[in-house]
Amino acid sequence: MKLSLWTYEGPPHVGAMRVATAMKGVHYVLHAPQGDTYADLLFTMIERRPERPPVTYTTFQARDLGSDTAELFKSSVRDAFERFRPDVMLVGASCTAELIQDDPGGLAATMDLPIPIVPLELPAYQKKENWGAAETLYQLVRRVVPTTSSSETERRAAREAGSPPRCNILGPTALGFRHRDDTLEVTQLLKLAGIDVNVVAPLGATAADLARLGNADFNVVLYPEVAGLTAQFLKRHFGQPAVSTVPIGLSAVRDFLREIGATVGADVSTVIDQCESRMSWYSRSVDSTYLTGKRVFIFGDATHAIAAARVARDELGFTVVGLGSYSREFAREMRNAAKEHGVEPLITDDYLEVERAIEKLQPELVLGTQMERHIAKRLSIPCAVISAPVHVQDFPARHSPQMGLEGASVLFDTWVHPLMMGLEEHLLGMFRDDFEFGDGAKPSHLAHGGGEKAIPQKSEPEQAPVSATGSRETAWSTEAEQELRKIPFFVRGKARRNTERFATSRDIAMITIETLYDAKAHYSR
Amino acid sequence: MITTAQVQPTKSPDRSILRERGQREVFCGLTGIVWLHRKMQDAFFLVIGSRTCAHLLQSAAGVMIFAEPRFATAIIDDRDLAGLANADDEVERMVAEVVQRRPNLRLLFLVGSCPSEVIKLDLSRIAARLDSRMSPKVRVLNYSGSGIETTFTQGEDACLEALVGSLCAAPSDAHPNLLVVGALADVVEDQFRRYFNAMGIERVSFLPSRRLDDLPEVGPSTRYLLAQPFLAQTSAALERRGANRIDALFPLGAEGTTSWLMAAAQALHIPSHRARAVIEGPAARARAVVDRWRSDLEGKRVFFFPDSQLEVPLARFLTRELGVKPVEIGTPYLHRAHLAQELALIPDDSVISEGQDVERQLERCRRARPDITVCGLGLANPLEAEGLTTKWSIELLFTPIHGYEQAGDLAALFQRPLDRQSRLKV
Ligand code: SF4
């Protein structure tokens, strides 16, 4: 057993739902108890989809156990087929049904339905949501792509001479972090490079579309967590190469185009030269100087976290002080990336461990998931969300991609937005005693929370956060404590930690104002 | 002038109920943890379950949780299923982790789930052993919130049933005392306590209590009032302890609240003029506030999908105080005895359905085209997209709706979707 307060990923059948819901003409019959129907709200409330996910739950109860849960499953399949008339049906079990071993795939196979049935084996006690999505897409594709012909090249319909190269875009699902917008953006980018899109899958695809996947020259793997497995299969089956650069950030967009150029044997240099994003000028503009060396902590799914680290370092001039992911399947990639940034990789799905890491590192900005947003809020550290798990505000009404040229500008805006504006930060540092600059003072353009603690309560000493050394043996004199409070709150944690570490290393029992400034001098370059 | 329950039944006692058995679209009992863990401030809920259970809790809790939650899931994994790990040891290890993280906790619930039940994990035995070791510092109880046993609010029922088992016996010569059963918003609890005290009922306690040390004693001297209609098992457990239920309408709306308060007064031998003197003002105020919404709601047709078991009392309130017409009142489970007074006030031409076959019910709903559809979160947006106006039933659990002072808010909850629909031009 593992104790869990919050989870980064749902169970694997939720991954399967993300694929089924993204597609058209697919229905999923899930052997599951009634409570598991909560998953519908992820799609109807969080993503605000106007229709129910195409899922029938058997909702068996205790009294059904041991008697006729198998029969219940079969009647659910029959009813769902009659009612929804899907082109293809997925069948499977959730965690509880896995234990009662009714074998949904076997049962459905005996029913002679006139459509393809794809049995899903998603081990709920080992695997998680992204794995489930990847496996579902793979099983679907395997089931519907033609397998008659033997030669690889024959299976791919020959492209007419002179027509532009074609690719598939693989990976976008329902409930994905900005998948809708990324797909649009990447399609435009490909158009710029003179590439036609054959099929986007699973988002918006039908089973018939999946059957046409072979008609493309290569595959673009937008979300390796979901589409990696399928891309490998398509490579084996059709000999389609996979373009695996994820175009998040300007440099990655250029690399993405280069990889495509190399894949189809085209010269893309002029296209790359045309690649302009407002973010590149904004980041070079003098106002952005204050972003230099901001210490940033990054956590998310592997793809988004690794991409964010590169953008943070190369395109915004931040310093990456922590990098991690909950995608254990991509631990190797994450370790490589962390090494490149000179930090220890944090590979965990334990929210508390991430919280401890952030507390210890005291970054100036957190780029994370909704979980890290909670942590950052508690620690009063600015935060922007870069990855699933998502909440309703991660589905903005406006077009807001993470990928492509527009995506690069969106990253600039959303990451810089939570920070203090340059001069504002200085003023706040200089005039700590202005009563309207209370500890709760937020960047002036962020209305919410600004009034929370507008009037600082100077009399009571601030409660010390968990000290870095873990020891409470070093005490703060009242004067030093007051002086500490004159340091802006967003660097105060770091100052406190450094001073305590400095004091401990020198066996100083009582921290005075002198100690504070000695420590400051010691740690500044 | 207050009329208590001199209400004439409008229909025959043996009205037919539409019984449905098919796909349900209702949360499981684990969901109750979302409000119970806020109500009981020194309690912690440890679900022994799967990743699905953990995901349900966090999805249902959503953004409502700002502080670190006082609940967690011990996620069962392969090793547990393969018998490689001893389940008792594993649960104990989880409990030790929780206790270490929460040194001030006094009451720990081990909450069973579908997986823990299917693998026959005996949580009651584990809880009893831990309890004998850790009490009185920490009491350890268990109940099931599993989806194969419980729907949505039945989780609270199971939790309170477990709590009843842990109550001390009241001495046999104890004075009659009043127990209010069912988690209420703190503000509502305080209002009710004030009314009871003003009537002269001094010995009032609430279950669940905010803190473990405030748990009441129970015995034949206990008269209890159900504040919620979904507490069948808790009620049975109280009866076994010798307590007696006071029958009344549920305290929703002015009429329900009056019936409920007056029934308590009568059961505890408070002269009715004294009780009336206390409630006359608030009741009139509540009626006046509710009346303000009447013109917006009168004649509107409402359709309830089964969710919280609050459906029947809500339909009664909407009918009697706002002139709303219930088309169908779906409920996951109909407790006829506890709802007898309520059912008597439901119009004959309203269909009452028990259980669910969601697809067929959706068809009925589309055919009926009600003005307001009360349903769960999974159905609301799809129905809105079809042009129906909906009200999320879960809001009725997460908002203070009981009592006089909330009667207007309750009416407003139903008026707001209509108001919104009439404003929008998009
Ligand atoms: S229905 Fe069962 S398995 Fe599903 S969340 Fe509820 S307790 Fe867990």
Side-chain angles (χ1 to χ4, degrees), chain A residues 1-7 9-14 32-46 48-53 56-65 76 79-80 83 94-100 123-126 128-129 352 370 374 377-378 389 391-393, chain B residues 22-31 46 48-56 58-60 62-63 65-66 68-69 71-81 85 87 90-91 93-94 97-98 113-115 117-119 145-149 151 359 376-382 384-385:
Chain A
M1 289 179 194
K2 178 130 178 55
L3 192 68
S4 150
L5 261 63
W6 302 111
T7 71
E9 291 181 74
H13 71 258
V14 168
Q34 61 184 341
D36 292 8
T37 60
Y38 81 88
D40 284 0
L41 83 87
L42 305 171
F43 299 91
T44 64
M45 297 300 291
I46 295 180
R48 300 190 216 238
R49 281 187 169 256
E51 62 286 306
R52 293 164 68 210
T56 295
Y57 306 81
T58 57
T59 63
F60 58 85
Q61 292 175 271
R63 62 167 182 243
D64 302 321
L65 292 181
S76 300
D79 290 351
R83 185 176 294 274
S94 78
C95 54
T96 308
E98 186 181 328
L99 297 173
I100 59 178
Y125 298 90
Q126 295 168 34
K128 290 178 281 185
E129 180 178 333
L352 299 173
Q370 285 293 333
H374 271 286
K377 195 158 126 198
R378 199 171 66 72
H391 217 281
V392 63
Q393 61 265 50
Chain B
Q23 180 185 329
R24 289 166 167 249
E25 182 84 23
V26 190
F27 290 162
C28 61
L30 292 185
T31 324
L46 178 62
I48 314 296
S50 63
R51 180 167 299 281
T52 315
C53 309
H55 201 231
L56 162 107
Q58 99 183 35
S59 307
V63 288
I65 307 291
F66 293 105
E68 182 177 313
F71 62 77
T73 309
I75 298 184
I76 297 170
D77 60 29
D78 264 12
R79 287 168 33 83
D80 301 305
L81 297 180
E90 287 293 286
V91 174
R93 194 166 59 79
M94 299 291 112
E97 247 186 87
V98 167
S113 66
C114 305
E117 274 170 28
V118 171
I119 64 171
S146 84
I148 54 176
E149 296 278 4
T151 71
E359 303 295 349
L377 296 171
L379 297 176
N381 264 337
E384 290 279 349

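Just so it is clear: chains get the letters A, B, ... in the order the sequence lines come, proteins before strands, and each one is counted from 1.
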Ionic contact status for Arg52(A) with Glu359(B), cut-off 4.0 Å:
yes

Portion of Thr151(B) that has a non-hydrogen atom of chain A nearer than 4.5 angstrom
both

Most contacts with chain A, counted as non-hydrogen pairs under 4.5 angstrom, among Leu56(B), Val118(B), Ile76(B), Asn381(B):
Leu56(B)

Side chain of Ser4(A), backbone of Thr73(B): donor and acceptor closer than 3.5 Å?
no

When Ala97(A), Ala62(A), Ala39(A) are compared by non-hydrogen pairs under 4.5 Å with chain B, the top option
Ala62(A)

Under 4.5 Å to a heavy atom of chain A? For Arg79(B) that would be neither

For chain B, which candidate among Arg48(A), Arg49(A), Arg83(A) shows the most heavy-atom pairs at distances under 4.5 Å?
Arg83(A)

Residues that Glu90(B) engages under salt bridge (Lys or Arg N to Asp or Glu O under 4.0 Å), provided they are two or more places apart:
Arg93(B)

So which of Thr31(B), Val26(B), Thr52(B) has the biggest tally of heavy-atom pairs under 4.5 Å with chain A?
Thr52(B)

Tell me which of these, Leu42(A), Asp36(A), Leu352(A), has more heavy-atom pairs under 4.5 Å with chain B than the rest.
Leu352(A)

Closest-packed option against chain A by number of heavy-atom pairs under 4.5 Å, given Asp77(B), Asp78(B), Asp80(B):
Asp78(B)

Between Glu129(A) (side chain only) and Glu9(A) (backbone N and O only), is there a donor and an acceptor less than 3.5 Å apart?
no

Of the backbone (N, CA, C, O) and the side chain (C-beta and beyond), which part of Ile75(B) lies under 4.5 Å from a heavy atom of chain A, both, or neither?
both

Show the nearest heavy-atom pair for residues Pro33(A) and Gly147(B), with the distance to one decimal.
CB-C, 4.2 Å

Only pairs of heavy atoms separated by less than 4.5 Å count here; which of Leu46(B), Leu377(B), Leu379(B), Ile48(B) has the most with chain A?
Leu377(B)

Got a donor-acceptor contact below 3.5 angstrom from the Thr59(A) side chain to the Arg24(B) backbone?
yes

Would you sort out whether Gln34(A) and Tyr57(A) count as a side-chain contact (heavy atoms from CB on, under 4.5 Å), showing the intermediate values?
CA-CA 7 Å; Gln34(A) 61 184 341; Tyr57(A) 306 81; over 6 Å; no

Among residues at least two apart in sequence or on other chains, which ones pass ring pair (Phe, Tyr, Trp, His ring centres under 6.0 Å) with Phe43(A)?
none

Interchain contact, Asp64(A) with chain B, by part (heavy-atom threshold 4.5 Å)
side chain

Among Glu384(B), Glu97(B), Glu117(B), which has the most heavy-atom pairs under 4.5 Å with chain A?
Glu97(B)

Is chain B contacted by the side chain of Ser94(A), its backbone, both, or neither, given a heavy-atom distance below 4.5 Å?
neither

Heavy-atom cut-off 4.5 Å, strictly under: side chain, backbone, both or neither for Ser76(A) against chain B?
neither

Parallel, tilted or perpendicular, judged at 30° and 60°: which one describes the rings of Tyr38(A) and His55(B)?
perpendicular

Could you give me the CA-CA distance, side-chain angles and deciding distance for Thr7(A) and Arg51(B), then say whether side-chain contact (heavy atoms from CB on, under 4.5 Å) is met?
CA-CA 8 Å; Thr7(A) 71; Arg51(B) 180 167 299 281; 3.7 Å; yes

Identify which of Ser50(B), Pro115(B), Cys28(B), Ala74(B) forms the greatest number of heavy-atom pairs closer than 4.5 Å to chain A.
Pro115(B)

